[in-house]
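Scroll down for the structure; my scribbles are underneath it.
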Amino acid sequence: MIDELHEECGVMGIFNGENIVKNLAMGLYALQHRGQESAGIAAADGEKVRVSKSMGLVADLAEEGRLESIAENCFAAVGHVRYSTTGSRTLANAQPMLVSCKWGYLAVAHNGNITNAHELRAEMEANGHIFQSTSDSEVLLHEISRTKADNLPNAIRIAVQKFKGSFCLIFLTADSMYVIRDGYGFRPLCFGKRNNSWVFASESCAFDLLGVDYVRDVAPGEFLSINKSGVRQEQLIKKERKAFCIFEFVYFARPDSIIFEQSADKIRRKMGKKLAEESPVDADIIIPCPDSSTTAALGYAQASGIQFEIGILRNHYVGRTFIDPSQNVREQKVKLKFNTINGVLKDKKVCLVDDSIVRGTTLKIICKMLREAGAKEVHIRIASSPVKCPCYFGMDFPSPSELVANALGTAEVAKMLGVESLGYLSVDGMRQCTGAPEDFCGACFDGIYPEDFCHAGKTRCGEAT
């Protein structure tokens, strides 16, 4: 496997307006980086909710008239792009999930990870519940349907109090939409407006294509009810602190997005500048590891005064067809995906800025490619801290044994990569760049989790309370 990280998914909802299904699909294109495994849209027409889903990209969903079949008379819709961290890769796990319950049609698009879903599911199965998927989102729907509430909004209010972990949820019924974010605010969720349309999305970049004005974030623990009468807001879940995922700024969010009510581009530049302050380098050029590290590398170059160059290009259209199993498969994949610009690198002391190191396998091959391109020295600077612990709140981090920084110190990782030096941004440095250090979760770096994440009540990496 190429050494990459994945978000679990991206969500979007539009209530009221014209060409809703088409516009929602456009917004999902902008969120495609958050999930490339499956895509789906559920649309409401006042009487029923219809859903169209497919494995693959949004472009696959839009083929063969799939969207036209649900667009007629649509006044509200929710959409989803998925990469699985919980549940296997099947169409049954693709979202939005649609069920028929005692309140009628109910669809949900979910970004996050319900950490106590296994316990809740085991209890339900013992009581006769039947499941059709392995997704925690189906557990969520079952929990809502089995409440004793007298209406759906109250059922949602009751059910979410039982959930641990992270969730940004957009529910759709035949005539209403409900939006809720967990009390810590782990994952981002934006609220926008265009004329008489209300729009919600994981990142504000989904608004730009549609001319939607970013209004604000959906607040942690906030519950919004949207119908023809307007939007009703209430603070449903209260926590003592916020726990925004700092890795959204490090890697996942598009730099042109506003998340956690801040510009991802500006925060990444600050991280690059802070990295240059904390870990200077004697180099001729600064190059990014494309594409997620470009902004941080620009910040590093600006702060250090060292020339910024593009020394590696990335191919975004690599498939599986030309992999030769008789050769080193991982190295083939990396070389298909990245290529060096030899004229930039030859006889230069090169500092490569990357956003993070997970397993280190891809970076090791890239460093070898830089040597082969004629680089005199190779230095690595990482615009985040060493990733030492898994994430339980919606990121696809490997187990601790697969995280290179969990087993090796900085000097040992540098030796493994075959480079002259390696430097990381400190945890405190990362937090300072956000402007709100206490509001961010950095558990994958420091092992301190904001809440227990399994039945053992663990709040620290490798420890139980």
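Hydrogens, waters and symmetry mates are skipped; everything else that's a heavy atom, side chains included, is used.
Considering every non-hydrogen atom in both A76 and I20, the closest pair reads N-CD1, 3.7 Å. A pairwise comparison of heavy atoms in I158 and A149 identifies CD1-CB, 3.9 Å as the closest pair. For G13 against L24, the heavy-atom pair with the smallest separation is N-CD1, 4.1 Å. Nearest heavy-atom pair across D256 and D208 is O-OD2, 4.2 Å. For the residue pair E47 and D45, the shortest heavy atom distance occurs at N-OD1, 2.9 Å. Across C190 and I258, no two heavy atoms sit closer than the pair SG-O, 3.3 Å.
Between D291 and H316, the side chains place a donor N or O and an acceptor N or O closer than 3.5 Å (distance only, hydrogens not considered). Side-chain atoms of T173 and D175 include a donor-acceptor pair closer than 3.5 Å. Donor-acceptor pairing under 3.5 Å is recorded for the side chains of D217 and Y214. Between the side chains of S293 and D355, at least one donor N or O sits under 3.5 Å from an acceptor N or O. Counted by atom type alone, Q95 and S137 present one or more donor-acceptor pairs between their side chains at under 3.5 Å.
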Report task. Test ring-ring contact (aromatic ring centres under 6.0 Å, His included) on F131 and H142 and set out the steps. Result -> CA-CA 9 Å; F131 290 84; H142 275 264; 4.2 Å; yes
Query - Step-by-step side chain to side chain contact (heavy atoms under 4.5 Å, CB included) determination, M12 to L28 - result: CA-CA 7 Å; M12 187 171 181; L28 290 179; 4.1 Å; yes
Report task. Tell me, with the steps shown, if R254 and E248 meet salt bridge (charged side-chain N to carboxylate O under 4.0 Å, His left out). Result -> CA-CA 9 Å; R254 273 180 33 168; E248 291 278 356; over 6 Å; no
Query - C441 vs I246, side chain to side chain contact (heavy atoms under 4.5 Å, CB included): CA-CA, chis, key distance, verdict - result: CA-CA 6 Å; C441 174; I246 201 167; over 6 Å; no
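Salt-bridge formation is not detected for the pair K242/E438: no Lys NZ or Arg NE/NH1/NH2 atom is positioned less than 4.0 Å from an Asp or Glu carboxylate oxygen. Using a cut-off of 4.0 Å between Lys/Arg side-chain N and Asp/Glu carboxylate O, E143 and R146 are scored as salt-bridged. Salt-bridge check for E37 with R82: passed, with a basic side-chain N closer than 4.0 Å to an acidic carboxylate O. The existence of a salt bridge linking K162 and E123 is excluded, since no basic side-chain nitrogen approaches an acidic carboxylate oxygen closer than 4.0 Å.
Listed by chain and number, the residues in a side chain to side chain contact (heavy atoms under 4.5 Å, CB included) with K22 are N19 (sequence neighbours excluded). Partners of F260 by ring-ring contact (aromatic ring centres under 6.0 Å, His included), not counting sequence neighbours, listed by chain and number: F244, F249, F440. In terms of the ring-ring contact (aromatic ring centres under 6.0 Å, His included) criterion, residue partners of F445 (sequence neighbours excluded) are, by chain and number, F247.
Proximity of R381 to Y300: side-chain heavy atoms (C-beta onward) are separated by under 4.5 Å at one or more points.
Aromatic ring orientation, F186 versus F393: parallel (interplanar angle below 30°, classes split at 30° and 60°).
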